[in-house]
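In what follows, a structure is listed as structure tokens, so that the remarks can point back to it.
In what follows, chains are A, B, ... by sequence order, proteins preceding strands, each numbered from 1.
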There are 2 protein chains.
Amino acid sequence: MSWRKETRRAERGYHHGNLKEALLQAALGLIAEKGAAGFTFADAARMAGVSAAAPYRHFRDRDELLSSIAQRGFEQFEARLTAAWDDGRPDTVTAFERVGRAYLAFAREEPAFYNAMFESGLPVDANPALQAASERAFNIIRAAAERLAALAPPGTPRPPAMMMALHIWSMAHGVASLFSRGDAARRKLPMSPDELLEAEVLIYLRGLGFPTDRRPPAKSAEPPPVPPEASSGSGVPPGGPWGKPK
Amino acid sequence: MSWRKETRRAERGYHHGNLKEALLQAALGLIAEKGAAGFTFADAARMAGVSAAAPYRHFRDRDELLSSIAQRGFEQFEARLTAAWDDGRPDTVTAFERVGRAYLAFAREEPAFYNAMFESGLPVDANPALQAASERAFNIIRAAAERLAALAPPGTPRPPAMMMALHIWSMAHGVASLFSRGDAARRKLPMSPDELLEAEVLIYLRGLGFPTDRRPPAKSAEPPPVPPEASSGSGVPPGGPWGKPK
DNA sequence: CAGCTCATGTGAACGGCTTTTACATGAGCC
DNA sequence: GGCTCATGTAAAAGCCGTTCACATGAGCTG
């Protein structure tokens, strides 16, 4: 492999090697630590061992660095949602809920990305590339909603997939941003953010007439993957989507 | 008129009169305009016509000004939610939805407050007074959820009110923060944020087994306030909570 | 009214940040 | 070896937050 060339460029490199990447990594750490508002360009430069002016060779200004991080964040976000969706396997509802959990997991595990993407206040629509990346991520949710909507029980009006996608997104974002991160996460909750979102989505899907007769925390041994039966019977699962107050 | 007395009491202030209030107002305007992150202490001072050091006679630092605004925001928020809830009149479900709309209306009409309260990244739990104000506001939603939970149709497990409250809050916050404010609001949506949230809440409530057979924009003449019928029949209202693509 | 006191406001100063500009350096190519 | 250009530095301007010594004048006391 071309390790040699890499080593000569990256490590032995002239002034720094790959300052751009170093700055992105440094910024990522700083944002995770102090939030997008607290992060400073100068700090990132210091952390990379260069002067305060050096970053301007790679980013027009501080905002462009932030945008780059958000962009990367949306790409990773999309990748994780795609993996979670897994093209609707083993069944649409299960996969759909997995997407919800992946959303929360991303918010929790990648606070810096999430912060840059959703809480930094940078104008997403000002940067076309950023907006496109954001849309690609959303499209995963949208595609999943599309598949779900197609499964709407017969006899019920088919819900618009776009609306469902927006609803799910707002739930996931609401839970993530209110209860799953930073200081706000310290509110004492009767259940974990994951359980909260899962119950919320299940109740919502039930409201649309979908069969959701699995109990969330129960690691049920996967019964026949979505027998496409009508299920328009009672619609009320025996346990309710919220866990027992253990 | 009581000009005199007013002058002596309110403007009892020395040089400026009531700089504290002036600073709060100035900050409010600046935050609405440029966001909590963009707002500067010096700018507020300038706007009030005093030196950059003057504000420190009234606020320990910039963060304390922000906290004061958030505090005030929570108080107004609570007042508006209380008015919207109107103790559950004319019926619980209608009042509940009105609370949701009030939430969005506040986010839209008071961007500065909303920003300081939920998007400024200030540690709510670090300031006891702030946390208390925040809790008082949430308690309105909680109380409404309590009343709603008590109406749960017989034969279905009663949903925990706290969970319902958290769900509703996350929906409202999610919609507000993704679609109803600032730059993100420019995403092209198939429906208004208000309609989006209303449909979301209706579907959710239906998922819990509540009768929600009113079409959102229809000003139905209030049939017997919440007829406690089973409703576990089909559970699927004729119209669906989403509007026709008019 | 004289004078004291203390809350309130000012000006100057420090350090830090962002951004620009002129200059330095060294990598890659001939 | 020498050229060129990308990459990094130093210095400076301008802004902000914050502090401190000092100024001012409102209201009380006598």
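- The separation between A:K20 atom NZ and D:dA6 atom C1' is 13 Å, rounded to whole Å.
- One interatomic measurement links the two molecules: CZ of B:F59 to C1' of D:dC16, which rounds to 18 Å at whole-angstrom precision.
- Side-chain nitrogen and oxygen atoms of A:R46 include none within less than 4.0 Å of the OP1 or OP2 phosphate oxygen of C:dG16.
- At whole-Å resolution of the value, CG in B:L65 and C1' in D:dC16 are 15 Å apart.
- Annotation: the span from A:H167 atom NE2 to B:M171 atom CE amounts to 8.5 Å, rounded to 0.5 Å.
- Within the 4.5 Å cutoff, no side-chain heavy atoms of B:N115 are placed close to those of B:I69.
- Ion pairing between B:E64 and B:K20 fails under the 4.0 Å rule for side-chain N and carboxylate O.
- The distance from atom CD of A:E64 to atom C1' of C:dT18 is 15 Å, rounded to the nearest whole Å.
- To the nearest angstrom, P of C:dT8 lies 16 Å from CZ of B:R60.
- At the phosphate of D:dA6, neither OP1 nor OP2 sits under 4.0 Å from any side-chain N or O atom of A:H58.
- Distance from the side chain of B:L19 is smallest for C:dG9 among the nucleotides D:dG17, C:dT10, C:dG9.
- For A:F41 and C:dT19, the CZ to P distance is 7 Å, given to the nearest whole Å.
- Within the nucleic acid shown, A:Y56 comes within 4.0 Å of at least one base atom, counting heavy atoms only.
- Contact annotation for A:D43: no contact, since no heavy-atom pair falls under 4.0 Å across all strands.
- Within the nucleic acid shown, B:R57 comes within 4.0 Å of at least one base atom, counting heavy atoms only.
- Residues B:A52 and A:F39 both approach DNA chain C. Their nearest nucleotides, taken by heavy-atom distance, put B:A52 toward the 5′ side.
- Shortest non-hydrogen contact noted between A:L66 and A:A116 is O-CB, 4.4 Å.
- With rounding to whole Å, A:R62 atom CZ is found 11 Å from C:dC17 atom P.
- Nucleic acid contact class of B:A42 (heavy atoms, under 4.0 Å, all strands): sugar-phosphate only.
- B:K34 has its NZ atom 11 Å from the C1' atom of D:dC15, to the nearest Å.
- Counting any heavy atom pair closer than 4.0 Å across all strands shown, B:A53 reaches a base atom.
- Note that CG of B:L122 and CG of B:N127 are 8.5 Å apart. Values are rounded to the nearest 0.5 Å.
- Closest to the side chain of A:D61, out of C:dT19, D:dT18, C:dT10, is C:dT19.
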